[in-house]
Amino acid sequence: MRTIQVEQITQEVAQMCKEAAYYLPEDVYEALKKGRETEESPVGRDVLDQIIKNAEIAKTEDRPICQDTGMTIVFVEVGQDLHIEGGGLNDAINAGVAKGYTEGYLRKSVVAEPLFDRKNTQNNTPAIIYTEVVPGDKLKIEIEPKGFGSENKSGIKMLVPADGVEGVKKAVMEIILHASCNPCPPMVIGVGIGGTMDKAAYYSKRALLRPLTVRNAHPKYAALEKELLDLVNKTGIGPQLGGTTSALAVNIEWGPTHIAGLPVAVTICCHATRHSKRVL
Amino acid sequence: MAEKIRITTPLTEERSRKLRAGDSVLISGTIYSARDAAHKVMTETLAKGEKLPIDWHNQIVYYLGPTPAKPGDPIGSCGPTTAGRMDAYTPTMLEQGIKGMIGKGSRSPEVIESMKKNGVTYFAAVGGAAAFIAKSVKKYEVIAYPELGPEALAALTVVDFPAIVVIDSEGNNFYEIGQKPYRKL
């Protein structure tokens, strides 16, 4: 059986937190540049110029793209033939988050309890960790630091089967129009369809990890992604102050659901759609 | 874009009332950062009839919680946070004499009414342009509530801080004006 030490996991997670905060993924950068070329609003072009310049400064100077370096969402796939040695997996990941956020001069944005005390934990832990056990002996870790300007504008609708495709489009557009200029557009929109209420939300988070240039493998969902993107770009929201580049992509993930249900979750992400990945 | 308007703090009511939604500005001088937690403390302080740590008369508040500064830098990344979360506290704060607010996103009708009454301008900085914006900040000094960490009340010395007037003191709203020509639903 293959063995991995928890120290290695901690080191890698720390590094990934920093990378995600400093380096905008290439596909997002390219989508912003493409948006700049086609943006019809002069103010919108000005905003996109600033956003693009910002990503370049962050990359060359190792600085956080945004001051909201997010709550850290971690997707882990553990091969069932892998032995993790030296401590707990979640503890190792959280130690990595604490190390990365401290060493990397990232903002600590997590409070331990949400309603009464709201005391900052001072090291951005705990992370939100989703773990799946899969065949093999590898450990795959993906990090998605999620800012809350956009998270606060996300939403979920529990539709019924009769609502169909039109119902899904209406639900997504209601959430987007309500979000409007607030979630730092151009947005990247993750849509989760199916499952239960929580699973749909999970799909919508996972959807943000997919490169913006890759459409859903299912042709009907791929077509829906394009149609929704077109609709969002006709809202006028634009890059914050109005225009035609309201979103860079709509990524849908879907899964089996109940005969009575059609859950639709929308995670809105800002233009700083950040993530990093390792396979150990 | 049109010529940028230079503003130096403090911002008087007379100057604020001349600014119009859509104006592009460069702000220089001292601005004060405060966000959710500092606003909560400040409004609680006022409710108790006590004095605030600074005199807000003719000052500009920046809704901000920066990343920690790297060694040798005055501040870390420092873009605007969502202003709407401060709406519940804002009319009370505007009564303290604030004449400018910098943030991002929409404001409530109550805030806009208070802005009209007090001659206040709401500016937006580009959300998520935090490393770029940091270039215009020369000094960051915590004034009060250090226990709030990134949410502390701080004074920022800025030179040519880039912003745009989104809601002016007459209530004209550039978020609405700017979206309208491009809405094709």
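Side chains included, hydrogens not; waters and symmetry mates left out as well; all remaining heavy atoms used. Below, chains carry the letters A, B, ... as their sequence lines are ordered, and counting in each starts from 1.
- When all heavy atoms of Y122(B) and K104(B) are compared, the pair lying nearest together is OH-C, 3.0 Å.
- With 3.5 Å as the limit, one finds a donor-acceptor pair spanning the side chains of T72(A) and N124(A).
- Your options are T244(A), D62(A), I237(A), and the one with the most heavy-atom pairs under 4.5 Å with chain B is I237(A).
- Interface residue E61(A): backbone and side-chain heavy atoms are both found under 4.5 Å from chain B.
- Here A69(B) is the residue among P181(B), A37(B), A69(B) with the most heavy-atom pairs under 4.5 Å with chain A.
- Between chain A and the residues L185(B), T82(B), T81(B), the largest count of heavy-atom pairs under 4.5 Å involves L185(B).
- Between chain A and the residues G84(B), P150(B), S106(B), C78(B), the largest count of heavy-atom pairs under 4.5 Å involves S106(B).
- Using a 4.5 Å cut-off between heavy atoms, A125(B) contacts chain A through its backbone alone, with no side-chain atom that close.
- Listed here is the closest heavy atom pair of S246(A) and N233(A): N-OD1, 2.9 Å.
- Looking at T69(A), the atoms closer than 4.5 Å to chain B (heavy atoms on both sides) all sit in the side chain, from C-beta outward.
- The heavy-atom pair separating G100(A) from C17(A) by the smallest distance is CA-CB, 4.4 Å.
- Contact of N152(A) with chain B is made through the side chain alone, with heavy-atom distances under 4.5 Å.
- Nearest heavy atoms, L48(A) versus P186(A): CD2-CG, 3.7 Å.
- Salt-bridge formation is not detected for the pair E151(B)/R118(A): no Lys NZ or Arg NE/NH1/NH2 atom is positioned less than 4.0 Å from an Asp or Glu carboxylate oxygen.
- For the set P162(B), S77(B), G105(B), the entry with the most heavy-atom pairs within less than 4.5 Å of chain A is S77(B).
- Annotation for E14(B): atom CD does not count as buried by contact number, only 12 or fewer foreign heavy atoms lying within 6.0 Å.
- When heavy atoms are compared at a cutoff of 4.5 Å, K135(B) approaches chain A solely by way of its side chain, counted from C-beta outward.
- The residue among G65(B), G149(B), G76(B) with the most heavy atom pairs within less than 4.5 Å of chain A is G65(B).
- Comparing P66(B), A124(B), G127(B) by how many heavy-atom pairs each has under 4.5 Å with chain A, the most go to G127(B).
- For chain B, the option among R63(A), M173(A), K53(A), Q50(A) with the highest count of heavy-atom pairs below 4.5 Å is Q50(A).
- Residue M101(B) comes nearest to V111(B) through the heavy atom pair CE-CG1, 4.2 Å, listed as atom of the first residue, atom of the second, then distance.
- Within residues 103-115 of chain A, the residues approaching chain B closer than 4.5 Å by heavy atoms are, in numerical order, Y105(A), L106(A), R107(A), K108(A).
- Contacts of C181(A) with chain B are made by both backbone and side-chain atoms, with heavy-atom separations under 4.5 Å.
- For chain A, the nearby part of P80(B) is the backbone; its heavy atoms alone come within less than 4.5 Å.
- In this structure, E37(A) has no side-chain contact (heavy atoms from CB on, under 4.5 Å) partners at least two apart in sequence or on a different chain.
- Donor-acceptor pairing under 3.5 Å is lacking for the side chains of T30(B) and T9(B).
- A salt bridge is defined here as a Lys NZ or Arg NE, NH1 or NH2 lying under 4.0 Å from an Asp or Glu carboxylate O, and E147(B) with K119(A) fails to meet this definition.
- Note on ring orientation: taking the six-membered ring where Trp is involved, the planes of Y62(B) and F161(B) are perpendicular (angle over 60°, cut-offs 30° and 60°).
- Of the candidates K34(A), E56(A), K59(A), H271(A), E56(A) is the only one forming a side chain to side chain donor-acceptor pair (under 3.5 Å) with Y29(A).
- Proximity to chain A is absent for every atom of A83(B), based on heavy atoms less than 4.5 angstrom apart.
- Across all their heavy atoms, A55(A) and L24(A) have their closest contact at CB-CD2, 3.9 Å.
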